[in-house]
Amino acid sequence: MRIATWNVNSVGARLPRLVSWLRSAAPDVLCLQELKCAADSFPTDEVAELGYEVAAHGTGRWNGVAIVSRVGLSDVTRGLRDEPGYAADDGSDETVEPRAIGATCGDLRLWSVYVPNGRDVEHPHFAYKLRWLEALHATAAAELAASVPFGVLGDFNIAPADHDVWDLAEFAQTTHITESERKALGVLQDAGLRDIVPRPLKYDQPFTYWDYRGLAFPKNKGMRIDLAYGNAQLAGAVTDAYVDREERKGKGASDHAPVVVDLSL
DNA sequence: ATGCCAGTTTCAAACTGA
């Protein structure tokens with residue numbers, strides 16, 4: 001059993017790469033983030049040709065998450081328990097964004113999540129990020145009671161440890177490395193979820209994101225922010241996990257690489 | 001300090017990303 005997570009930064013723009021990656025990596029389940037398309041605009045037919053079903057949760061321009069599975073797809077849940085919304089800076093009403101989707105895939109219960117960025121520690125988006133993580137914990141804690149392999153995979157927009165960014169000094173006063181964000185990850189771990197740390201295919205650290213700008217990828221100025229959390233049943237079945245940095249190479253790449261987790265299930 | 005690059009959308013300046 002192979003599961004994976006990938007922030008594709010627009011499923012429309014990434015469709016050729018998505019199709020070829022599904023063929024080559026052949027995951028049984030793939031959690032996607034940043035679809036940047038409405039749920040009914042997801043390229044369902046293109047992945048169906050490869051034998052995959054899709055459950056998508058998206059509204060259009062931003063965000064959007066999906067679960068793609070070839071081992072079954074049922075009991076789909078869109079959104080978290082008591083999920084907070086966000087009011088844009090222009091004063092418009094608060095809206096709940098499409099950032100989480102859960103589904104049962106074969107013997108697994110999985111969530112694909114796109115945690116809010118936070119923008120700046122002083123910005124309202126940062127408080128929203130922390131509230132959103134509380135709702136994620138509540139949802140996970142409630143579902144963890146079931147004695148089935150359970151996982152939460154996605155773009156957490158948090159580097160769990162100092163060595164998960166290329167240079168900590170560059171992150172002074174910024175989001176993604178703060179104590180309050182890391183504490184939220186600790187709460188997930190206290191609830192019984194383990195961080196499945198992938199191996200890098202090159203260099204020392206398993207970074208999953210490199211900015212498009214400033215030659216960040218060739219300089220390996222990366223971050224590990226795409227994470228896979230699993231309960232004891234799932235984490236205990238892991239036989240291998242790696243970051244597919246090859247997918248970050250070349251023209252038309254997402255700025256995130258897929259994280260692949262192999263399980264003996 | 002700012003933009004770097006990429007993708008999106010009232011089609012093109014503005015927003016988001018991390």
Side-chain angles (χ1 to χ4, degrees), chain A residues 5-18 32-43 56-66 85-92 94-99 113-130 132-133 154-182 184-185 205-227 243 245 247-259:
Chain A
T5 181
W6 188 14
N7 178 323
V8 286
N9 186 19
S10 170
V11 72
R14 216 64 59 215
L15 185 56
R17 282 200 177 238
L18 173 63
L32 294 169
Q33 302 86 36
E34 273 209 270
L35 303 181
K36 292 187 173 178
C37 78
D40 58 8
S41 298
F42 190 98
H57 183 33
T59 51
R61 187 173 186 180
W62 289 307
N63 312 307
V65 287
Y86 184 71
D89 302 342
D90 60 12
S92 55
E94 192 173 277
T95 56
V96 177
E97 301 171 319
R99 293 180 175 275
V113 301
Y114 179 44
V115 177
N117 171 295
R119 298 182 190 169
D120 183 280
V121 291
E122 305 295 334
H123 197 283
H125 209 259
F126 189 75
Y128 166 54
K129 181 178 195 173
L130 297 179
W132 199 93
L133 287 161
D155 178 357
F156 280 73
N157 273 317
I158 303 171
D162 290 351
H163 58 256
D164 290 319
V165 297
W166 80 92
D167 180 2
L168 193 63
E170 298 264 3
F171 287 82
Q173 316 296 328
T174 74
T175 60
H176 292 63
I177 52 89
T178 68
E179 189 178 341
S180 51
E181 290 165 284
R182 288 175 173 170
L185 296 183
Q205 297 301 330
F207 296 148
T208 66
Y209 164 85
W210 300 261
D211 199 302
Y212 285 122
R213 298 165 291 186
L215 300 174
F217 183 62
K219 292 177 179 174
N220 201 34
K221 290 185 171 184
M223 306 169 72
R224 184 172 80 94
I225 54 174
D226 298 272
L227 309 176
V243 182
R245 76 185 299 283
E247 183 51 47
R248 180 63 180 79
K249 294 180 177 179
K251 197 171 172 61
S254 169
D255 43 1
H256 296 251
V259 175

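- Spacing of C1' atoms, B/dA18 relative to B/dA13, comes out at 22 Å, to the nearest Å.
- Remark: the backbone N or O of A/Y114 is paired with a side-chain donor or acceptor of A/R99 at under 3.5 angstrom.
- When each of A/T5, A/N7, A/D155, A/N63 is paired with A/Q33, the side chain to side chain donor-acceptor pair (under 3.5 Å) condition holds for A/T5 and for no other.
- Below 30°, between 30° and 60°, or above 60°: for A/W166 and A/F171 the angle between ring planes is above 60°, a perpendicular geometry.
- As judged by a 4.0 angstrom heavy-atom cut-off over every strand, A/Y209 is placed among residues touching the sugar-phosphate backbone only.
- Straight-line distance from the NZ atom of A/K36 to the P atom of B/dA14: 18 Å, rounded to whole Å.
- Atom CG of A/N7 is separated from atom C1' of B/dG7 by 12 Å (rounded to the nearest Å).
- The base of B/dA18 sits within donor-acceptor range of the side chain of A/N117, with an N or O pair under 3.5 Å.
- Remark: P of B/dA6 and CG of A/L215 are 10 Å apart, rounded to the nearest angstrom.
- Rounded to whole Å, the distance from CZ on A/R119 to P on B/dG17 is 5 Å.
- Rounded to a whole Å, the NZ atom of A/K129 is 15 Å from the P atom of B/dT16.
- Nearest nucleotide to the A/R61 side chain, out of B/dA18, B/dC15, B/dT16: B/dC15.
- When distances are taken from the side chain of A/Y212 to each of B/dA6, B/dC4, B/dT8, the shortest belongs to B/dA6.
- Here the closest heavy-atom approach between residue A/H256 and residue A/D226 is recorded as ND1-OD2, 2.8 Å.
- No donor-acceptor distance shorter than 3.5 angstrom exists from the side chain of A/R119 to the backbone of A/H125, with no hydrogens or angles considered.
- In this structure, A/N157 and A/R213 both approach DNA chain B, and ranking their closest nucleotides by distance from the 5' end singles out A/R213.
- When heavy atoms are screened at a 4.0 angstrom cut-off, A/F217 is found touching no nucleic acid atom at all.
- A/N9 has its CG atom 8 Å from the C1' atom of B/dG17, to the nearest Å.
- At the phosphate of B/dT16, neither OP1 nor OP2 sits under 4.0 Å from any side-chain N or O atom of A/Y114.
- Of all nucleotides listed (B/dG17, B/dG7, B/dA18), B/dG7 comes nearest to the side chain of A/R14.
- Under 4.0 angstrom from either OP1 or OP2 of B/dA18 there lies at least one side-chain N or O belonging to A/H256.
- Listed nucleotides B/dG7, B/dA18, B/dT16 differ in distance to A/M223; the shortest reach to its side chain belongs to B/dA18.
- The C1' atoms of B/dA6 and B/dA1 are separated by 23 Å, rounded to the nearest whole Å.
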>> Could you write out DNA chain B as dot-bracket? Rules: Watson-Crick or G-U wobble, both distances under 3.5 Å, brackets [ ] for crossings, | for pairs with another strand, dot for unpaired.
In response: ....(((((...))))).
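- Taking 4.0 angstrom as the limit, A/T175 places none of its side-chain polar atoms (N or O) nearer than this to OP1 or OP2 of B/dA18.
- Between the side chains of A/K36 and A/N9, a donor-acceptor pair is found at a separation under 3.5 Å.
- Side-chain atoms of A/R224 never come within 3.5 Å of backbone atoms of A/Q205 as a donor-acceptor pair (strictly under, hydrogens ignored).
- B/dT9 and B/dC4 are spaced 22 Å apart, taking the C1' atom of each and rounding to whole Å.
- Looking at every heavy atom in both residues, A/H123 comes nearest to A/G118 through CB-O, 4.0 Å.
- Position along DNA chain B of the nearest nucleotide to A/A253 versus A/H125 favours A/A253 as the more 5'-ward residue.
- Nucleic acid contact class of A/D155 (heavy atoms, under 4.0 Å, all strands): sugar-phosphate only.
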